[in-house]
There are 2 protein chains.
Amino acid sequence: MQPEIPDHMFYSFLTGGLCASSSTNSTTTTSSFYPFAIEDTVSQDKALAAQRNHKEAERRRRERINSHLNKLRKLLSCNSKTDKATLLAQVVQRVKELKQQTLEITDETLPSETDEISVLNSEDSSSYDDGRIIFKVSFSCEDRPDLFKDLMETLESLQMETIFADLTTVGGRSRNVLVVAADKEHHGVESVQFLQNALKSLLERSSKSVMMGHGGGGGGGGERLKRRRALDHIIMV
Amino acid sequence: MQPEIPDHMFYSFLTGGLCASSSTNSTTTTSSFYPFAIEDTVSQDKALAAQRNHKEAERRRRERINSHLNKLRKLLSCNSKTDKATLLAQVVQRVKELKQQTLEITDETLPSETDEISVLNSEDSSSYDDGRIIFKVSFSCEDRPDLFKDLMETLESLQMETIFADLTTVGGRSRNVLVVAADKEHHGVESVQFLQNALKSLLERSSKSVMMGHGGGGGGGGERLKRRRALDHIIMV
DNA sequence: CAAGACACGTGAAGC
DNA sequence: TGCTTCACGTGTCTT
């Protein structure tokens, strides 16, 4: 596998032979000036062995780096003849792209890092359900065991019927999109406020039960995807 | 900025001076053996200039590579003192992770590459809507202008009411998730078949109008995300 | 040959 | 001290 002394005799004769190395001159030639004295041959052997180690270590280092570069070549499915530099440029671009992509998709489909509530009166868009007012409710918050139960109780107490629920829980955060229907006899357009307040207290209850363990929540924002695994997504009708 | 002849006199005396280089021996020393003849000083200058160019080019190459490595260090937000090798190992891992992540998310939320239809009778899960049967319909297909209109007409002809629609169109592909309600007077559980057949003809109509332009569709499967931009996502109630 | 890319062995600097 | 990592200049092979 290894060439083992392929052409380095050229350099070795230089360092170990006539020419003195630029830095080792003050260490080996202290006790004796005779070029081929006994002490020198011993220390020469030691130095030679050291340099051989050094050389091989460096070779291993190069191999390690190049192996990773080859892995990257495969991951980007690019030719094995592509430059190291251009390969790395492509890697940089790819990482940027992937980061951006996951961020885009994430922001549109997964729970947001900050607590958010949105209640929309969707009567204007399409009013096929004449006797009822339809609201679209969506909010992101910290997940907790009784979140769904509390939510259902809240909606029931408001005499609202859940038509559709899209619940996504991942990484301890929960994103909930609901479509609820309210009777026009008991509710008007102003019920948006009721809903919002009810959800607000729901989220406050949530933050009370968790309190600490998740410090600020605002901070860095670059590595928010790291812990995310196996997303739990439920759609109910 | 540049050191400009910092310590290479050691090597230069070697290549241009006493010792003959291992490969250039047959080119420069053909006409004369006198070490300091005129022709030799000229060719020496030329060779020296060439080696200086070579040296600087190599330096630029190193800088290029290292600059990209530093970019990657920033992108992975890892310390500037991390090894080249371990950095690259981390990059490999990160790229793999990001690829996997986008793939996972994509498969759960975005249109699939192949045409698919799924119709579920969701009566078992929760039957709060006593007078009606609720179906969950989801399918992925090639996008086309009148897809939504045709879909609505189809559902109307089946006397089914759309309660919820989640339509995602991106990269020429469309993913549609619908919750439809059917009157129990006109429909039974077997209506799942009606729905499936209707959707099947809908997709066949679709593939007829597009036909070519997207060859197989099966193939590679590694770079399917490349063209995806600005996702068009509509939720209707 | 010139221009570019790569592997190599080496000295220096950090633990 | 030895071990590791880096930048450097070089030889060599490919366009």
Side-chain angles (χ1 to χ4, degrees), chain A residues 1-17 19-28 43 45-70 72-73 78-90, chain B residues 1-17 19-28 30 42-70 73 78-90:
Chain A
M1 276 299 179
Q2 305 110 301
E4 196 60 31
I5 321 169
D7 59 352
H8 98 287
M9 65 294 166
F10 172 61
Y11 286 109
S12 68
F13 110 88
L14 194 146
T15 52
C19 306
S21 179
S22 58
S23 69
T24 51
N25 49 3
S26 59
T27 56
T28 53
S43 62
D45 279 8
K46 245 178 68 172
L48 219 73
Q51 269 213 351
R52 207 188 55 206
N53 283 342
H54 183 33
K55 181 174 66 171
E56 284 171 0
E58 180 64 11
R59 189 177 52 80
R60 279 193 297 269
R61 175 177 164 272
R62 273 195 302 262
E63 277 174 3
R64 221 167 37 201
I65 292 176
N66 283 332
S67 116
H68 287 140
L69 285 175
N70 284 330
L72 285 172
R73 280 201 180 86
C78 74
N79 191 10
S80 67
K81 288 301 293 173
T82 42
D83 275 335
K84 262 179 200 176
T86 47
L87 166 68
L88 286 174
Q90 285 177 356
Chain B
M1 276 301 179
Q2 304 110 304
E4 193 62 30
I5 319 169
D7 59 353
H8 98 287
M9 65 294 167
F10 172 61
Y11 287 108
S12 70
F13 109 89
L14 194 146
T15 52
C19 307
S21 178
S22 58
S23 71
T24 51
N25 50 2
S26 60
T27 56
T28 51
T30 42
V42 172
S43 62
Q44 234 185 39
D45 278 8
K46 246 177 68 174
L48 219 74
Q51 269 214 352
R52 208 188 54 206
N53 283 343
H54 184 34
K55 181 175 65 172
E56 285 171 359
E58 181 62 11
R59 190 177 53 79
R60 278 194 297 270
R61 175 177 165 271
R62 274 194 302 262
E63 278 174 2
R64 223 167 40 210
I65 292 175
N66 283 332
S67 115
H68 287 140
L69 286 175
N70 285 328
R73 282 201 180 87
C78 75
N79 191 9
S80 67
K81 289 301 292 172
T82 43
D83 276 334
K84 261 179 203 178
T86 46
L87 166 68
L88 286 175
Q90 286 177 355

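Each chain gets a letter, A, B and so on, in the order the sequences are listed, and its residues count up from 1. Source: prediction; values computed, not measured.
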Expressed in angstrom and rounded to an integer, what is the separation of [X] atom [atom1] from [N] atom [atom2]?
{"X": "B/D83", "N": "D/dC3", "atom1": "CG", "atom2": "P", "value": "17 Å"}
{"X": "B/K84", "N": "D/dA7", "atom1": "NZ", "atom2": "C1'", "value": "7 Å"}
{"X": "B/E56", "N": "C/dA5", "atom1": "CD", "atom2": "C1'", "value": "17 Å"}
{"X": "A/I65", "N": "C/dA7", "atom1": "CD1", "atom2": "C1'", "value": "12 Å"}
{"X": "A/R52", "N": "D/dT4", "atom1": "CZ", "atom2": "P", "value": "15 Å"}
{"X": "A/R73", "N": "C/dC6", "atom1": "CZ", "atom2": "P", "value": "7 Å"}
{"X": "B/H54", "N": "C/dA7", "atom1": "NE2", "atom2": "P", "value": "14 Å"}
{"X": "A/R60", "N": "D/dC3", "atom1": "CZ", "atom2": "P", "value": "10 Å"}

Taking any heavy-atom pair under 4.0 Å as a contact, classify A/R64: base, sugar-phosphate, or nothing. sugar-phosphate
N/O (side chain, [X]) to phosphate O (OP1/OP2, [N]) under 4.0 Å:
{"X": "B/Q51", "N": "D/dT10", "value": "yes"}
{"X": "A/N66", "N": "C/dC6", "value": "no"}
{"X": "A/K81", "N": "D/dT15", "value": "no"}
{"X": "A/R59", "N": "C/dG9", "value": "no"}

Closest-nucleotide ordering on DNA chain C, the 5'-leading residue of B/R61 and B/N53: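 With B/N53 and B/R61 compared, the 5'-side residue is B/N53.
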Along DNA chain C (nearest heavy atom to each residue), the more 5'-positioned of B/R62 and B/A50: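 It is B/A50 whose nearest nucleotide is closer to the 5' end.
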4.5 Å side-chain heavy-atom contact, A/R73 and A/K81: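 The answer is no; the side chains never approach within 4.5 Å.
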What's the separation between atom [atom1] in [X] and atom [atom2] in [Y], rounded to the nearest 0.5 Å?
{"X": "A/E56", "Y": "A/R52", "atom1": "CD", "atom2": "CZ", "answer": "6.0 Å"}
{"X": "A/D83", "Y": "A/L69", "atom1": "CG", "atom2": "CG", "answer": "11.5 Å"}
{"X": "B/T86", "Y": "A/I65", "atom1": "OG1", "atom2": "CD1", "answer": "9.0 Å"}

Are any of the side-chain nitrogens in A/R61 or A/E58 under 4.0 Å away from the carboxylate oxygens of its partner?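 Salt bridge flag = yes for A/E58 with A/R61.
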Going by modelled atom types, is there a donor-acceptor pair between the base of C/dC6 and the side chain of B/E58 at under 3.5 Å?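 Between C/dC6 and B/E58, which were checked side chain against base, a qualifying N/O pair under 3.5 Å is present.
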